Amino acid sequence: MSEANTARTLTGTALTKRYGGNAVLRAVDFSIAAGSVVGLIGENGAGKSTLSSIIAGIKRPDDGAMTIDDRPYAPASPIDALNSGVAIIHQEIKMIPELSVAENMFLGRLPVRRGRVATREMVADARAALADLGVTLDPRRPVAGLSTATQQEIEIARAIIRRPAFVIFDEPSASLGRHETERVLEQIDLLRSRGTGVVYISHRLDEVLRIADRVVCLRDGSKVGEWDARDIDREGMIRAMVGRDLARREAPPPPHGHEVVASVQDLSSSRFENITVELRRGEILGVSGLVGSGRTEIVRALAGADPFDSGEVLVEGAPVKIRSVPDAISAGIYMVPEDRKAQGLNLNRTSAENMALPWESRLVPSGFVTTRFLDRLKRRMASEVDIRGDLDRPVGLLSGGNQQKVLLAKWLVRIPKVLILDEPTRGVDVGAKEAIYEIIRALAARGVAVVVVSSELEEVLLLSHRVMVVAAGRQRAILTREEATPERVMQLCVS
Amino acid sequence: SGTPGGQSSRDSDDKAIGVSMSFVNQFYAAAQQGMEEEAAEQGYELVILNAQGNSSTQVNHVQNLVSQGVGSLIFIQLDAASGGASISQANAAGIPVVAVDQVPAGGNYVTYIGSDSVAMARQACDHLAELLDGEGDIAIVEGIPASSTQMQRTEGCDTSLHENPGLDVVSTTSADWDQNKAVSVFANVLTANEDLQGVFAQSDDMALGAASAAESAGRENIPIVTIDGFPAVYDAIEKGHISATMSQQPYTMGQIAVQDAIAAMEGTGEDIPKEQIQESVLVTNENLEEARAQRYYGTQG
Amino acid sequence: MATSLTERPTALPASAIRITQVKSRLKMLSGPLIGLVLLIAVMSFLSPVFLTTNNLINILVQVSYIGIMAAGATLIIILGGIDLSVSAVLGLSFMVVAVTYQNLGWPFWICIIVGLATGTGIGLLNGVLVAFGKVQAFIATLATMFAATGLSLYLTNGTPILGLPDWFLGLSQVRLLGVSLQVYLMIVVVIIAALWLKYRPAGRSLYAIGSNEEVARLSGIRVKLLQLRVYATAGFLAAVAGLVVGARLNAAQPSAGNSSDLLSVIAAVVIGGASLAGGVGSMWGTFVGLLIIGVLNNGLTLLNVSPHLQPVVIGAVIILAVLSDGRLLSIFRVRSRRQTA
Amino acid sequence: MATSLTERPTALPASAIRITQVKSRLKMLSGPLIGLVLLIAVMSFLSPVFLTTNNLINILVQVSYIGIMAAGATLIIILGGIDLSVSAVLGLSFMVVAVTYQNLGWPFWICIIVGLATGTGIGLLNGVLVAFGKVQAFIATLATMFAATGLSLYLTNGTPILGLPDWFLGLSQVRLLGVSLQVYLMIVVVIIAALWLKYRPAGRSLYAIGSNEEVARLSGIRVKLLQLRVYATAGFLAAVAGLVVGARLNAAQPSAGNSSDLLSVIAAVVIGGASLAGGVGSMWGTFVGLLIIGVLNNGLTLLNVSPHLQPVVIGAVIILAVLSDGRLLSIFRVRSRRQTA
Ligand SMILES: Nc1ncnc2c1ncn2[C@@H]1O[C@H](COP(=O)(O)OP(=O)(O)OP(=O)(O)O)[C@@H](O)[C@H]1O
Ligand SMILES: Nc1ncnc2c1ncn2[C@@H]1O[C@H](COP(=O)(O)OP(=O)(O)OP(=O)(O)O)[C@@H](O)[C@H]1O
Ligand SMILES: [Mg+2]
Ligand SMILES: [Mg+2]
């Protein structure tokens, strides 16, 4: 690997990839130079992950060729790529929950000494690599039970532990908070200074501007622009990605009514206590807090996904018993869960089937789910939520952003009284993000009370009428839009 | 019947009698009943174990009986492999063995009580030959391949067939001693053989299955000859669905086995004959009532 | 309502989508179906009696009780579970019918209800253990399998019970258009199960549960309730299969419902394309799998293959039936690639 | 820009982590282990002979061939597969040993090698079908199960072969410290498999494959090669188990590989905490599961439970053994909740 580390340039020429006739990557030229960072941007489904998979040996191009320092480079597998000094941090976390952190980091090339896995060395190496990232974690514990953020950090440590010449970061920050993201960016600075060539993919354009030396933009599988990072700004990037100007609506949310749609009184469980809040018709309530503060647990309890110990929920003045998800649905409380792969969608089933799942038993008057019902539901949702891709194919084949839209559409088939969105824009491109914001505002305008849980404080502040701040399972304050300055919220979070 | 043993009226230091068998059909149920009733009468405890068709399990069972110190062992061999290994364990521990139904493949036993399987099968097939005047296409429905019973009954019938060259075996199938499976298998046999004239089913359960298949196919006049003498087959003979069976005497065998087992463990078994072949009777419509009166299958009969 | 800011993708014409659907459905089935067709072709060639109406009806009769159980097993396997107890439940529930009839002298239709309730009850017990006890389905149903086997021996101490009402035997003996009632019963069960699976919300959600239980639960599907229902249904159907076997034998055999029936049931479902990992499978596939097993058993007897060799042939044919899928697919793939190139 | 507020969770001290690990390991095992301890306690109480050295050795002897197969089955189940053919392979491979010895007159040690090769070969065939034929493991091994059963009948037309060299019978008859060699063989197999699974990279990779084959493949694990190796190993171990059974019976019985053995093998693994979904399981757990089965079968014969009721008790105990986990856990949970409150 020390030899690989001296490589200078990786170039791809006319890289092309097709799936059953439609090209998702069209003759893209691409290069990474040692000691520099390429920011790769593009809408959901533009082909960023496809391009990085090709470079990292996960997929093979249908056309085009790659070289490293003018020697041909055609990896047949991720291991081939690693041996040539190319590593990737996947967009989707790929871990084996049953194995230890260290084993996950060394999976596929566990070190052996005297015939057995050299656990001590491995653990020491893993610990050091994690420490480099500022993570203190016992590498011997199993991955099961670790938060997504921590798993993402392990993925990064795992990729750079071999000191590759080129590293691709495919949306590492999607499930990270600000501190973790900052640490990752620092790590990239360090890699760059050591002469590593880095590709950084993100939908958070400010991060791209902060870290990249050059920026490459893909649209519909073609490269539509490449700039020196000093020559481009946020608006320019958006224009390149979307193909036109995208107005950013900084406007306040639509005014809400006074009528209380739902009220939560003294909700408590082992993970949180005494949550009390009233939601008014058309109100958007943001929920802010640190990772692990219990935001997800609170909204899951409200949506019937987890049991709570005490407290009461009233919908339109009447107390409702919420013991299960169906209870919450009948009460008009729907939740879009935070982890779309594990909790939101059946990836091997079609988008149409996924959207229909909760409604087949609830919206079919005859009790028989007909093709006509499914077709109509599909067409209606396709017209209401713009999803790029065939709704009759497994949803797992869609790009991440489009999957998120399918997940949202699933819970908009019938208009709820209260809609809970847990991290609704995770991994979603700027355009789609604006689209989701618009959907949220439009729902509020129709009188739906919306609860938005998000790790992006800016998102919470932009969308909400009021912000609930949660720390250590307790509700610290509920701030009005005027009171909710970033400083104030942060202060409450760490109190 | 009911649960065996337990409420012995005799001294508690009397040793129990171990029984190892593999339960597949009514023959064993009747033998078990014979043993239980005899043991209850004499005030002995029985420990009955069912190997469920697994040779290794039967060996394990005998080992467990030996280690819990039974006074004697009644052994119905599942197959040659389990027989030798089981009996040598009992021999090594000095526990007398009474073999029932099957001659053990190895080791020493006090006595063997059973029907002569080979002879029964031979007689059954001879009877079939007689019914067909020594000529015609016949089918054989066999039990679980490689079990002792299947092999002996095959051997006996083969001898008879050798002497009756006019009989032509057009089909040999296995129905695993199972009535339900026999219905299916035999329906297929009938389809394949338009001119079938006779059947030898190696057990009564399978004969009953074959008979109902023949009935549904409208060919109930094909003579079926079988072995065991289950009460249900008597009824079928009466109705003309089955021609003949070789009736065994499992209930009596069970009783004798317990008597001999007691004698052997009390040390009074010197004069027990080494072989006690129980008469097996060819039951046809002619001697049906006499056979019924004998209650070969205990109260079940 | 919700305005979207991005432009519409070009939609495929409906006909193209329909073709894709048909193709993907064919792909899923092609293996077993082609296997079945080939098997039938070979058998017809080798045996002159194979293709007679009578023999084909026989095949259906012979698989009918397996088919009834396989309908239940399909539901369970799609749900992501397994039921090892079905064949033992078959034996026990009909034993209960016979014992209540003969020993207690109850009217036969009541006995039937009691028998069906027994089967349903054991199925429900399986469901409770799996859904609420969080016991792996394999273990839970293994345990009830043992228990049911033992109980049906215990009930009569191993003796069969003979003699059932004549009208009841009609299930096996009465024929409509030359086909005995049990076959219609099986077909009705399979069709109802197929329709339920395809058109009823509960049936459709089995796929969701089998693919990802958590997603299903968060979608408002009552996962545990459905597990209970499906296991209970499988138990009920095993009891129905018990009636078919009982009517066929005119007896309750304690040894009925043995492990080879169980293997046939699961094999039919799995050969039919279902995955034991859950989320995949269809009633139609199971039916094809069932016919493969039926044709195979029937054909081998017609051809008078030695009983010792029959298992070898069965093993080989199962593999070929399943593999014919892969090969066929790869042929298609090569062709379509050529066309695009 | 996107300002987000997050903070590191406070890291636990290493000692606390160690305790958590031990706890989580205990949790995984607690069910079966506690089940086993309870079972032994009850048996010792009910039967005076149960706790004698002799009887305990007997239990080990009686499970030894099951244990050898279960070691292989554990690997396969962790890998996410299943092997239905093991017990049939046991029968066939020892039949091959006996036939080459008796009918062909080869030196016995060569016959042993041929027998082990037969088992390994069938295992390899399973592996090829699963890894390269993409046949579901259930179907592939069901087919080889049929084939192996048939072949071992066919080899001698159903006749058992009796009479093996005396030195070979020593495997069952020779005792070291009062324990027969087959028990040592089983223990050695289990220990080697446990060490392999715990310390060898290939062994560790089984968990990865069983948990997520795609991730394993992307990590550079040679998934197919490992599948081949593991299925071949299971076949080999089945042949070894065949030697144990052969030495014990002093005979090769064509019907030796019995489906009840197969169920015991899988039950031992699953009772021991492995999941048929793959990725979970341990050799130590399997050993506990094996002992539960052994103690249960032995104990019930000692207690003189009616032979018909024995299966009922076995079923109930299996459920209790597995459930004792859940109950125990919920007690723990209530406690820890109280402490935090
Ligand atoms: N295996 C596949 N089969 C068919 N289409 C696929 C497959 N994998 C990806 N695609 C399609 O290729 C296109 C590009 O996907 P890709 O994952 O590269 O997008 P992306 O730019 O990474 O998007 P995101 O920002 O959402 O991660 C998408 O339209 C996707 O649906
Ligand atoms: N004690 C714990 N053991 C295992 N997992 C935990 C524990 N506490 C929290 N987690 C997991 O960590 C993640 C974050 O916790 P939580 O949902 O409470 O915080 P949050 O405020 O919603 O954070 P975020 O949504 O940003 O992850 C969740 O996926 C949760 O399941
Ligand atoms: Mg992507
Ligand atoms: Mg959260």
Side-chain angles (χ1 to χ4, degrees), chain B residues 1-6 16 18-23 28-29 32 36 45-70 78-86 88-89 92-93 105-107 142 144-148 150-151 154-155 174, chain D residues 47-50 52 54-55 57-59 61-63 65-66 87 90-91 149-150 152-154 156-163 169 172-173 241 244-261 264 294 297-311:
Chain B
S1 59
T3 38
V19 182
S20 171
M21 61 202 288
S22 179
F23 203 97
Y28 301 93
Q32 184 191 345
E36 281 172 355
E45 189 185 356
L46 280 185
V47 182
I48 302 183
L49 299 175
N50 173 8
Q52 288 171 321
N54 189 331
S55 334
S56 297
T57 304
Q58 184 162 44
V59 180
N60 289 345
H61 279 167
V62 172
Q63 190 174 40
N64 290 338
L65 290 171
V66 168
S67 79
Q68 79 184 93
V70 293
L78 172 61
D79 56 37
S82 68
S86 299
S88 53
Q89 292 183 79
E142 298 187 338
I144 292 179
S147 54
S148 296
Q150 180 264 330
M151 301 207 351
T154 302
E155 186 193 334
S174 168
Chain D
S47 158
V49 282
F50 178 79
T52 57
N54 217 341
N55 190 53
I57 292 174
N58 274 353
I59 293 177
V61 169
Q62 289 165 10
V63 295
Y65 73 104
I66 299 284
S87 63
L90 176 159
T149 309
S152 64
L153 283 169
Y154 188 69
T156 63
N157 210 9
T159 337
I161 295 187
L162 307 175
L169 303 184
S172 148
Q173 289 164 0
V244 169
V245 172
R248 189 152 186 242
L249 303 184
N250 186 13
Q253 174 67 25
S255 56
N258 192 289
S259 64
S260 72
D261 286 341
S264 300
N297 284 329
N298 170 277
L300 289 181
T301 62
L302 297 188
L303 296 182
N304 196 11
V305 178
S306 143
H308 302 326
L309 273 187
Q310 286 198 10

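Naming: A, B, ... by sequence-line order, numbering from 1 per chain. Reckoned from all heavy atoms, side chains included, excluding hydrogens, waters and symmetry mates. Worth saying up front: this structure is predicted, and the values here are computed from it rather than measured.
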CG (L46(B)) and OG (S306(D)) are apart, to the nearest 0.5 Å, by 12.0 Å
One should read off an interatomic distance between S87(D) OG and N54(B) CG, to the nearest 0.5 angstrom, of 9.0 Å
Residues at least two apart in sequence or cross-chain that pass side-chain contact (heavy atoms from CB on, under 4.5 Å) with N298(D), listed by chain then number, are N64(B), F50(D), N55(D), I59(D), Q62(D), L302(D)
- Query: Given side chains that start at C-beta, do those of M21(B) and P307(D) come closer than 4.5 Å, heavy atoms only?
  - Reply: no
Near Y154(D) OH, under 6.0 Å, is it more than 12 heavy atoms from other residues, nucleotides or ligands? no
Does a donor on one side chain sit under 3.5 Å from an acceptor on the other, for E45(B) and N304(D)?
yes
Under 4.5 Å to a heavy atom of chain B? For P48(D) that would be neither
dist I48(B):CD1 -> Q310(D):CD (nearest 0.5 Å) comes out at 10.5 Å
Okay, N58(D) and chain B: the region with an atom under 4.5 Å from a heavy atom over there is both
Most heavy-atom pairs under 4.5 Å with chain D, out of L65(B), L49(B), V19(B), belong to L49(B)
Separation between CD1 (I66(D)) and OG1 (T57(B)), nearest 0.5 Å, reads 7.5 Å
Rounded to the nearest 0.5 angstrom, the OG-CG distance for S174(B) and L153(D) is 9.0 Å
Sorted by chain and number, sequence neighbours left out, side-chain contact (heavy atoms from CB on, under 4.5 Å) with A93(B) holds for V66(B), I95(B)
Q) Taking side chain as C-beta onward, heavy atoms only, is R248(D) less than 4.5 Å from N60(B)? A) yes
